[in-house]
Amino acid sequence: QVQLVESGGGSVQAGGSLRLSCAASGRTFSSYVMGWFRQAPGKEREFVAAISNRGGMTNYANSVKGRFTISRDNAKNTVYLHMNSLKPEDTAVYYCAADRGIVVLITVAAYDYWGQGTQVTVSS
């Protein structure tokens with residue numbers, strides 16, 4: 001089992017940047033596919049980005065492609081989401097998730113463990 005703790009959320013103006021971090025417990029972090037999802041008020045949780053267990057493969061939602069970058073440091077048991085050119089529509093609670101599989105998947109149901117979320121608010 002793995003526990004996930006997100007940090008780095010906050011309030012920023014449109015066009016600004018934030019870096020989210022997700023620290024994982026346990027010694028098997030490098031065996032998990034890691035993903036970031038987000039949920040805005042009144043909307044379903046949606047896929048943002050994911051990265052394979054060793055970082056060689058990434059996948060992004062079309063809405064963030066070219067603006068967000070996911071990365072991981074297996075030595076630090078941490079996955080990051082670098083967010084640039086933020087827009088008001090990026091406002092949401094952002095969740096880190098871990099998948100015990102080996103394929104980089106983009107559905108909520110594919111992920112086994114979730115963090116508590118961190119709020120990102122982008123003002124216009």
Side-chain angles (χ1 to χ4, degrees):
Q1 189 167 352
V2 62
Q3 293 184 326
L4 305 171
V5 179
E6 302 96 335
S7 61
S11 296
V12 65
Q13 289 192 328
S17 299
L18 283 173
R19 187 186 77 165
L20 305 183
S21 300
C22 172
S25 64
R27 293 176 291 178
T28 59
F29 177 74
S30 62
S31 66
Y32 292 93
V33 170
M34 298 299 297
W36 285 97
F37 291 76
R38 67 187 181 187
Q39 188 166 17
K43 295 188 177 181
E44 292 187 354
R45 193 168 298 188
E46 65 175 7
F47 170 75
V48 175
I51 188 167
S52 59
N53 61 342
R54 298 200 179 274
M57 183 176 296
T58 57
N59 198 347
Y60 295 92
N62 287 335
S63 59
V64 307
K65 201 170 292 184
R67 299 188 298 122
F68 291 11
T69 302
I70 188 171
S71 62
R72 66 189 297 161
D73 186 337
N74 285 346
K76 296 182 178 179
N77 281 13
T78 302
V79 62
Y80 305 97
L81 185 68
H82 303 257
M83 305 186 294
N84 296 320
S85 301
L86 283 161
K87 304 175 180 180
E89 51 263 43
D90 294 318
T91 295
V93 177
Y94 283 70
Y95 297 90
C96 171
D99 174 14
R100 290 174 293 185
I102 59 174
V103 178
V104 177
L105 299 175
I106 66 172
T107 60
V108 170
Y111 288 77
D112 304 292
Y113 305 104
W114 293 84
Q116 82 290 347
T118 185
Q119 177 71 46
V120 171
T121 302
V122 184
S123 58
S124 58

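Start at 1 with the first residue, then count along the sequence.
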Requested in this report: Taking the side chain as every heavy atom from C-beta outward, state whether Phe68 and Leu20 have any atom pair closer than 4.5 Å.
Outcome: no
Query raised in the report: When you look at Cys96 and Trp114, which way does the side-chain contact (heavy atoms from CB on, under 4.5 Å) test go after all the steps?
Result: CA-CA 6 Å; Cys96 171; Trp114 293 84; over 6 Å; no
Requested in this report: Would you please test Tyr95 and Leu4 for side-chain contact (heavy atoms from CB on, under 4.5 Å) and show each step?
Outcome: CA-CA 9 Å; Tyr95 297 90; Leu4 305 171; over 6 Å; no
Query raised in the report: Between Met83 and Val120, does a side-chain contact (heavy atoms from CB on, under 4.5 Å) hold up when you go through it step by step?
Result: CA-CA 10 Å; Met83 305 186 294; Val120 171; 3.9 Å; yes
Query raised in the report: Are more than 12 heavy atoms from other residues, nucleotides or ligands located less than 6.0 Å from atom NZ of Lys43?
Result: no
Query raised in the report: Checking Tyr60 side chain against Ile70 main chain: does a donor-acceptor pair fall under 3.5 Å?
Result: yes
Query raised in the report: So, Asn74 side chain and Asn53 main chain: donor-acceptor pair closer than 3.5 Å or not?
Result: yes
Query - Neighbour count >12 (heavy atoms, 6.0 Å) for atom CD, Gln3 - result: no
Query raised in the report: Counting only N and O atoms by type, is there a donor-acceptor contact under 3.5 Å from the side chain of Glu6 to the main-chain atoms of Gly117?
Result: yes
Query - Thr91 (side chain) donor-acceptor with Val122 (main chain) under 3.5 angstrom - result: yes
Requested in this report: Report the C-alpha distance between Arg100 and Tyr113 in whole Å, list the side-chain angles of each, state the deciding distance to 0.1 Å, and finish with yes or no for side-chain contact (heavy atoms from CB on, under 4.5 Å).
Outcome: CA-CA 9 Å; Arg100 290 174 293 185; Tyr113 305 104; 3.9 Å; yes
Report task. Give a yes or no answer on whether the side chain of Tyr80 reaches the backbone of Thr69 with a donor-acceptor pair at less than 3.5 Å. Result -> no
Query raised in the report: Is a side-chain N or O of Arg67 found less than 3.5 angstrom from the main chain of Ser85, in a donor-acceptor match?
Result: yes
